[in-house]
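Remarks on the structure that follows.
Note that the coordinates shown come from a computational prediction; the quantities given were computed from them, not determined experimentally. By convention in this document, chain letters (A, B, ...) are assigned in the order of the sequence lines, proteins followed by strands, and residues within each chain are numbered from 1.
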Amino acid sequence: MTSSLNQLFTRLLESESIFKNKEVLRHSYTPDVLVHRDTQTEELATILVSALRGETPSNILIYGKTGTGKTAVTRYVGKELENMSERMNVKCSVIYVNCEVIDTQYRLLANLARHFGEDIPMTGWPTDQVFQKFKEALDTQEQVLIVILDEIDKLVKKGDDVLYNLSRMNANLKRAKVSIIGVSNDLKFTDFLDPRVKSSLGEEEIIYPPYDADQIRDILYQRAAIAYNDNVLDGSVIPLCAALAAQEHGDARRALDLLRVSGEIAERKEERKVTESHVRIAQDKIEVDRIVEVVRTLPTQSKLVLFSIVMLNLSVQNQNQLGQPSTITTGEVYNIYRKMCKSIDMDILTQRRVTDLMSELDMLGIINAMVVSKGRYGRTKEISLSVPVKNTYDVLIEDYKLNPLQGYNVKVGYF
DNA sequence: CCTCCACAGGAACGTAAGGACG
DNA sequence: CGTCCTTACGTTCCTGTGGAGG
């Protein structure tokens, strides 16, 4: 027993790994050379140099879909700028904030203030007091502060007061200067902005077009050379990864995931070459993993709503076999939801709330909801599942609170 | 052309949990 | 302790609306 396990370990260790350095394929990795992003890099640098002269750089808005290199370029330029300023003895700091995580005024300000050594509690203070603290800390010396707000649209949704305050801050600062770089993947997010904020924030705008398949291919070749050992990639692997990712609106991140996961799959199968079929498997795996993760971590009420939709979907499928066309509407979902709530003794939320939960599911890409008018028969949302029914059912039923609903009969309303 | 269904989705508010501070 | 703050999650009440059927 032990010896066979020993053998296994030895064999696994000795079998030449196909990876040279897997880290290069993770999105946390910032490469030294950003392929196909020269113009954007230069543009950004050109605007930001003034920081090195001790002047305030224009505020910048950067647009582009996910995986178009916005974050990578911005962070890269920011890093270089900081290095440069050190060498030149100019006080200039770049703070990177991801608004997906830090998504409220308070947290943002607290975060900034903490960067200057202020001690701000997680919660509890009035917001303007935090702002005051931050301002004081910042203004103690001559310096230029550049705040990178990644996913800035997430912040705007909860009120744009901070942006207003930040963009007007320079007027009240004696020594320090602040400039803001907003990074967004939503092109229309400025629509919700106060016009004043909009104009001051968008002094400069840089747009990142999606990569096309050729460009993604170049990126992959560049990374693969570092990440993989020579001759382990089948010739068609990278083109295929690139093509698949290009379909997903030119998402380079997705392409890198594909390339990495393909390799992992090949490795696990103890094969020495990565082939096209591994990429196909990887494609499926990534998608399923994503869904499973999202569904598993849903709040219970959302799970129940989703479960109602899943159940309706199953019963609709049965009906369709009898040739009866049928779609799922909000009302139907809510009815089933209510019955199921009763049968497992959970609080029943109002329909208003349930529609919100469904919108969230829609945004997560788990379901697809479309408002349609059925004329005389009202106006509703037609809902369809955009993920495999069976997988979703399996994940949901794992939840101990939903487990009692196993085998629930939608049509009859009991087991 | 008008009506009226079956909801969508905005606005305002309530409650609880979590923390700072005097 | 009570007073201030925050966020998360709900509720109540509300106005708005595309188009089939009259």
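- The CE-P distance, from A:M370 to B:dC7, rounds to 16 Å in whole Å.
- With sequence neighbours left out, A:T350 forms a side chain to side chain contact (heavy atoms under 4.5 Å, CB included) with A:R352, A:R353.
- Residue A:I348 contributes atom CD1, which lies 17 Å from atom C1' of C:dC9 at whole-angstrom precision.
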Side-chain donor/acceptor pairs under 3.5 Å, residues 42-50 of chain A, sequence neighbours excluded:
unit_1: A:T46; atom_1: OG1; unit_2: A:E42; atom_2: O; d: 2.5
unit_1: A:S50; atom_1: OG; unit_2: A:I47; atom_2: O; d: 3.1

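- Remark: A:E398 does not engage A:K303 in a salt bridge, criterion side-chain N to carboxylate O under 4.0 Å.
- When heavy atoms are screened at a 4.0 angstrom cut-off, A:L357 is found touching no nucleic acid atom at all.
- When the salt bridge (Lys or Arg N to Asp or Glu O under 4.0 Å) test is applied to A:E276, the partners found at least two apart in sequence or on another chain are A:R280.
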Donor-acceptor pairs are to be reported for all side-chain atoms of residues 137-147 of chain A against protein atoms at under 3.5 Å, with residues two or more places apart or in another chain.
unit_1: A:D139; atom_1: OD1; unit_2: A:K174; atom_2: N; d: 3.3
unit_1: A:D139; atom_1: OD1; unit_2: A:R175; atom_2: N; d: 2.8
unit_1: A:D139; atom_1: OD1; unit_2: A:A176; atom_2: N; d: 3.0
unit_1: A:D139; atom_1: OD2; unit_2: A:K174; atom_2: N; d: 2.9
unit_1: A:T140; atom_1: OG1; unit_2: A:A137; atom_2: O; d: 2.9
unit_1: A:Q143; atom_1: NE2; unit_2: A:L138; atom_2: O; d: 3.0

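- One atom, CD1 of A:I328, and another, C1' of B:dC7, lie 16 Å apart when rounded to the nearest Å.
- The distance from atom CG of A:D347 to atom P of B:dT15 is 16 Å, rounded to the nearest whole Å.
- Going from atom CZ of A:R107 over to atom P of B:dG18 covers 14 Å, rounded to whole Å.
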Side-chain donor-acceptor contacts of residues 85-96 of chain A below 3.5 Å, not counting sequence neighbours, with atom names and distances?
unit_1: A:S85; atom_1: OG; unit_2: A:E82; atom_2: O; d: 2.8
unit_1: A:Y96; atom_1: OH; unit_2: A:D150; atom_2: OD2; d: 2.5

At under 4.0 Å between heavy atoms, how does the protein contact nucleotides 13-22 of chain C? Give one character per nucleotide, 5' to 3', with B, S or -.
---BBBBBS-
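- When the C1' atom of B:dA11 is taken as reference, atom CZ of A:R353 falls 15 Å away, rounded to whole Å.
- Rounded to an integer number of Å, the gap from OH of A:Y337 to P of B:dC7 is 16 Å.
- Between the CG atom of A:D356 and the C1' atom of C:dG10 there is a distance of 10 Å, given to the nearest Å.
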